[in-house]
Amino acid sequence: MEYFPAPLEKLVEQFAKLPGIGGKSAQRLAFHVLGLPEAEAREFADAILDAKKSVTCCPVCQNFTAGGLCPICSSPKRDGSVICVVADPRDVAAMERSREFNGHYHVLHGVISPMNHVGPDDIAIKPLLERVAKGGVNEVIMATNPDTEGEATAMYIARLLKPFGVRVTRLAYGIPVGGHLEFADDATLVRALEGRQDL
């Protein structure tokens with residue numbers, strides 16, 4: 001039995017399809033949208049349609065852009081000899097927040113995950129290999145997540161890059177800043193010991 005009119009039910013269903021949004025949150029969002037003035041609701045809908053229409057992938061790094069090269073690839077201040085490989089455009093934003101990396105990026109738009117039927121051909125590995133093959137790249141930093149899929153993807157790409165003679169590195173793992181040893185799991189402690197540095 002439906003408690004709400006069909007258009008409202010449909011709106012709730014659409015919000016529920018978003019990642020991390022359950023039934024109650026979807027209902028709350030739908031009611032919020034219904035409570036918006038007509039102009040704001042139209043502005044919200046137009047923003048979705050405009051983003052869907054105008055946001056594309058950068059032809060070089062595959063990051064999101066509003067057409068043409070992204071600001072990072074087009075910046076003469078960035079070091080094009082170092083490429084940081086990430087799984088998702090959100091990871092670029094996370095790396096940029098640190099203000100420590102000054103190279104270029106390559107966004108895979110996923111990771112190899114046989115369980116989810118995602119193979120090497122389903123993510124942007126080929127454009128990365130083409131970039132490296134052109135020359136001028138000295139190091140490729142694998143910055144995929146330290147989980148099973150992220151590790152498998154990093155190892156697979158590292159093997160493909162070996163013939164090009166570029167240095168392939170992996171982000172370090174270990175105890176988070178502000179963390180406590182007593183709460184670290186065994187795998188994290190092992191990685192922290194392996195990645196230790198001189199002081």
Side-chain angles (χ1 to χ4, degrees), residues 19-20 55-66 69-179 184-198:
V55 174
T56 60
C57 286
C58 173
V60 175
C61 72
Q62 309 301 309
N63 194 13
F64 288 145
T65 184
L69 290 179
C70 73
I72 294 170
C73 286
S74 60
S75 171
K77 296 178 181 175
R78 305 295 291 226
D79 180 4
S81 70
V82 182
I83 297 175
C84 181
V85 178
V86 296
D88 190 88
R90 289 173 294 194
D91 300 332
V92 172
M95 291 291 290
E96 285 297 291
R97 277 195 307 269
S98 75
R99 299 186 190 280
E100 285 297 313
F101 182 68
N102 192 40
H104 284 200
Y105 292 94
H106 186 83
V107 182
L108 296 171
H109 292 279
V111 289
I112 297 169
S113 176
M115 296 281 288
N116 296 315
H117 309 290
V118 179
D121 295 334
D122 298 318
I123 59 177
I125 295 175
K126 189 176 177 191
L128 172 64
L129 299 177
E130 290 168 357
R131 284 177 75 181
V132 175
K134 287 179 185 172
V137 176
N138 298 329
E139 181 182 3
V140 175
I141 303 168
M142 297 305 306
T144 52
N145 289 332
D147 54 20
T148 307
E149 290 91 357
E151 290 290 331
T153 303
M155 296 305 290
Y156 180 82
I157 292 173
R159 278 198 307 273
L160 293 177
L161 291 173
K162 201 170 189 78
F164 297 105
V166 297
R167 180 177 181 220
V168 181
T169 58
R170 187 85 169 102
L171 286 184
Y173 313 102
I175 311 301
V177 174
D185 60 88
D186 295 346
T188 300
L189 284 171
V190 168
R191 294 286 191 166
L193 283 168
E194 288 172 350
R196 66 190 185 275
Q197 300 174 352
D198 294 326

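For reference, positions follow the sequence shown, starting with 1.
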Check: Between His106 and Leu108, is a side chain to side chain contact (heavy atoms under 4.5 Å, CB included) present by the stated rule, with each step listed?
Finding: CA-CA 6 Å; His106 186 83; Leu108 296 171; 4.0 Å; yes
query = Taking the side chain as C-beta and beyond, is there a heavy-atom pair between Pro120 and Tyr156 under 4.5 Å?
reply = yes
Taking every heavy atom of Ala154 against every heavy atom of Thr144, the minimum-distance pair comes out as CB-OG1, 3.8 Å
For Cys57 and His109 the tightest heavy-atom approach is SG-NE2, 3.7 Å
Contacts of Glu139 meeting side-chain hydrogen bond (donor to acceptor under 3.5 Å, both in side chains) (sequence neighbours excluded), chain-then-number -> Thr169
Item checked: pair Ser81-Val137: side-chain heavy atoms closer than 4.5 Å -> no
Report, one line per pair, each donor and acceptor closer than 3.5 Å where one atom sits in a side chain of residues 83-96; sequence neighbours left out.
| residue | atom | partner | partner atom | Å |
| --- | --- | --- | --- | --- |
| Asp88 | OD1 | Arg90 | NH2 | 3.4 |
| Asp88 | OD2 | Arg90 | N | 2.9 |
| Asp88 | OD2 | Arg90 | NE | 2.7 |
| Asp91 | OD2 | Ala87 | N | 3.4 |
| Asp91 | OD2 | Asp88 | N | 3.1 |
| Glu96 | OE1 | Arg78 | NH1 | 3.1 |
| Glu96 | OE2 | Arg78 | NH2 | 2.8 |
| Glu96 | OE2 | Tyr105 | OH | 2.5 |

- Message: Measuring only between side-chain heavy atoms, which start at C-beta, is Leu69 closer than 4.5 Å to Val60?
- Response: yes
Shortest non-hydrogen pair, Val118 vs Val111, comes out as CG1-O, 3.2 Å
Quick note, ring-ring contact (aromatic ring centres under 6.0 Å, His included) partners involving residues 78-98, not counting sequence neighbours, are none
Rounding to 0.5 Å, atoms NE2 (His104) and CG (Asn63) come to a distance of 12.0 Å
Nearest heavy-atom contact between Cys70 and Thr65 is CA-OG1, 3.6 Å
Arg131 and Cys61 have their tightest heavy-atom pair at NH1-CA, 3.5 Å
- Does Ile112 offer a backbone N or O that forms a donor-acceptor pair with the side chain of Thr153 under 3.5 Å? yes
Item to check | Atom CZ of Phe101: over 12 foreign heavy atoms under 6.0 Å | outcome: yes
Output for pair (Leu161 CG, Met142 CE), nearest 0.5 Å, gives 7.5 Å
Next item on the list: State, with a plain yes or no, whether a side-chain heavy atom of Asn138 is found less than 4.5 Å away from one of Val82.
Entry: no
For His117 and Asp122 the tightest heavy-atom approach is O-OD2, 3.6 Å
